[in-house]
Amino acid sequence: MARAIEISAFGGPDNLRLVERTVGEPGAGEIRIRHHACGLNFIDVYQRTGLYPNALPLVLGMEAAGVVEAVGPGVEHLKPGDRAAYASAPPGAYCDLRVMPARSVVRLPEAISFDEGAAMMLKGLTVQYLLRKTQPQGGLKAGDFVLFHAAAGGVGLIACQWARAMGLQLIGTAGSDDKCRLALEHGAAHAINYAREDFVARVKEITGGRGVRAVYDSVGKDTFERSLDCLAPFGLLASFGNASGKVPALDIGVLAAKGSLYVTRPTLFTHIATRESTQAMADDLFAVVTSGAVKIRIDQRYALADVAQAHRDLESRRTTGSSVLLPG
Ligand SMILES: NC(=O)c1ccc[n+]([C@@H]2O[C@H](COP(=O)([O-])OP(=O)(O)OC[C@H]3O[C@@H](n4cnc5c(N)ncnc54)[C@H](OP(=O)(O)O)[C@@H]3O)[C@@H](O)[C@H]2O)c1
């Protein structure tokens, strides 16, 4: 028997229920993996509330690390006993044991712990595709300014460090002075407390009136429009999340008026759609982590059964860095 966290209706954290279920043998292209740690991500909240709808009942969770127990026909890159980690659809990572498609699962280097693996795959692969592949026209080069919202969060602290390693001047925003300090300690060149400061005015001041070349905005409703005002002409806004709510419909003419801007709404799942792209992105992520350039900071650990508290903490902005759920 395996234990999993399931919802049978969309709603609040109280809908999360611990259930027991049997787990069978992997079919073609699948593996069975025993989790040592599961990642907590904001997308789990969107899926719990139904903002991102899925069929019910649903085991939540998109990220975990553990040991491969069995592989189905046609799986060649993994074998029983391998340490492995993943960020992937379909949901179902909040459990101690599951069968899942092998395509998005990669071997985890010995130097990276299970907790780190579970804390970094979804968030680290996201930073990989944002900073390396979601760039303004002409690319990003050392010295360029970029704005990254929620810079003290799970994705945010990885971005601060990776941007520093690329020589970028990352301006991070965060909701408290303590979170701003954390972002600076992790490589942000500047930090703005957007709970009490006008971040557009501060970005203009920091960049000598020019604006930034790219904004990475996962806050959504509360920041989207003002993020456009932070961009230099031809700048790129990557709107990649909605922690404060869904971004309102955009009048495309605004992009001309504000300086021939670009807007994209990317998701990790397009980038990791094939095994080859997933492996290439994971190799890049593992290289920056094993070199020490990016450290995976886990500030919250919860027993899997305490997942409701983990959701409450994440939604009420009480967390910093990454969080993991431990199946025990
Ligand atoms: N599109 C993709 O491919 C992709 C992939 C991964 C993650 N994401 C997005 O990236 C973001 C970060 O994910 P994460 O898991 O690392 O979470 P996180 O950043 O650790 O937590 C979310 C943070 O958002 C900020 N926030 C601003 N307004 C908020 C509000 N009204 N309610 C709650 N939080 C608010 C809070 O930081 P402050 O208190 O500092 O404001 C909060 O700590 C999420 O929006 C997620 O959906 C997108």
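Numbering of ligands and ligand atoms starts at 1, following listing order. Bear in mind that the values here come from a model prediction, so they are computed numbers and not experimental data.
Classified by interplanar angle (parallel below 30°, tilted 30° to 60°, perpendicular above 60°), the ring pair Tyr94/His311 is perpendicular.
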(message) Between Thr267 and Thr270, does the side chain to side chain donor-acceptor pair (under 3.5 Å) criterion hold? Intermediate values first, please.
(response) CA-CA 6 Å; Thr267 164; Thr270 319; 5.1 Å; no

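For atom 9 (C) of ligand 1, the choice among Phe42, Phe269, Tyr216, Phe240 with the nearest heavy atom turns out to be Phe240. Of the options Gly154, Gly172, Ala159, the smallest heavy-atom separation from atom 20 (O) of ligand 1 is shown by Gly154. The option from Leu40, Asn41, Val155, Asn193 that lies nearest to atom 13 (O) of ligand 1, judged by heavy atoms, is Val155.
The pair Glu315-Arg48 meets the salt-bridge criterion, since a charged nitrogen lies less than 4.0 angstrom from a carboxylate oxygen. Salt bridge annotation for Asp14-Arg312: present, with a cationic side-chain nitrogen under 4.0 angstrom from a carboxylate oxygen. For the pair Asp177 and Arg196, the salt-bridge criterion is met [side-chain N within less than 4.0 Å of a carboxylate O]. In this structure, Asp144 pairs ionically with Lys141, as a charged nitrogen and a carboxylate oxygen lie closer than 4.0 Å.
Of all the atoms in ligand 1, the ones that sit under 4.0 Å from a non-hydrogen atom of Tyr129 are 1 (N), 2 (C), 3 (O). Numbered from 1 in the order shown, with element, the atoms of ligand 1 that lie under 4.0 Å from a heavy atom of Gly241 read 45 (O). For ligand 1, the atoms closer than 4.0 angstrom to any heavy atom of Ala174 are 40 (O). Applying the 4.0 Å criterion to heavy atoms of Tyr46 picks out, from ligand 1, the atoms 44 (C), 45 (O), 46 (C), 47 (O). Interface of Leu268 with ligand 1, defined as ligand atoms under 4.0 Å from a residue heavy atom, comprises 2 (C), 3 (O). Heavy-atom contacts of Leu314 reach the following atoms of ligand 1: 20 (O), 21 (O) (cutoff under 4.0 Å). Near Lys179, meaning under 4.0 Å from one of its heavy atoms, ligand 1 places the atoms 37 (O), 38 (P), 39 (O), 40 (O), 43 (O).
Residues Asn41 and Glu63 bring a donor and an acceptor atom of their side chains to less than 3.5 Å of each other.
Only the side chain of Leu122 comes within 4.0 Å of ligand 1, judged by heavy-atom distances. Under 4.0 Å from ligand 1, the heavy atoms of Arg265 that appear belong solely to its side chain. Using a 4.0 Å cut-off between heavy atoms, Ala195 makes no contact with ligand 1 at all. Residue-level proximity to ligand 1 for Glu315 is carried by the backbone, the only part with a heavy atom below 4.0 angstrom. Residue-level proximity to ligand 1 for Thr126 is carried by the side chain, the only part with a heavy atom below 4.0 angstrom.
Close N/O approach between Val219 and ligand 1 is not found [any backbone or side-chain N/O within under 3.5 Å]. Geometrically, ligand 1 and Tyr194 share a nitrogen or oxygen pair separated by less than 3.5 Å. Ligand 1 has no N or O atom lying under 3.5 Å from any N or O atom of Gly153, backbone or side chain. Between Thr173 and ligand 1, a contact under 3.5 Å exists for no N or O pair.
Heavy atoms of other residues, nucleotides or ligands lying less than 6.0 angstrom from CD of Glu225 number 12 at most.
Scanning all heavy atoms of the two residues, the minimum distance from Ala85 to Leu108 falls at CB-CD1, 4.0 Å.
Using a non-hydrogen distance threshold of 4.0 Å, Pro266 registers as a contact of ligand 1. Not close to ligand 1: His271, with no non-hydrogen atom less than 4.0 angstrom away.
For His149 and Phe224, the ring centers are positioned 6.0 Å apart or more.
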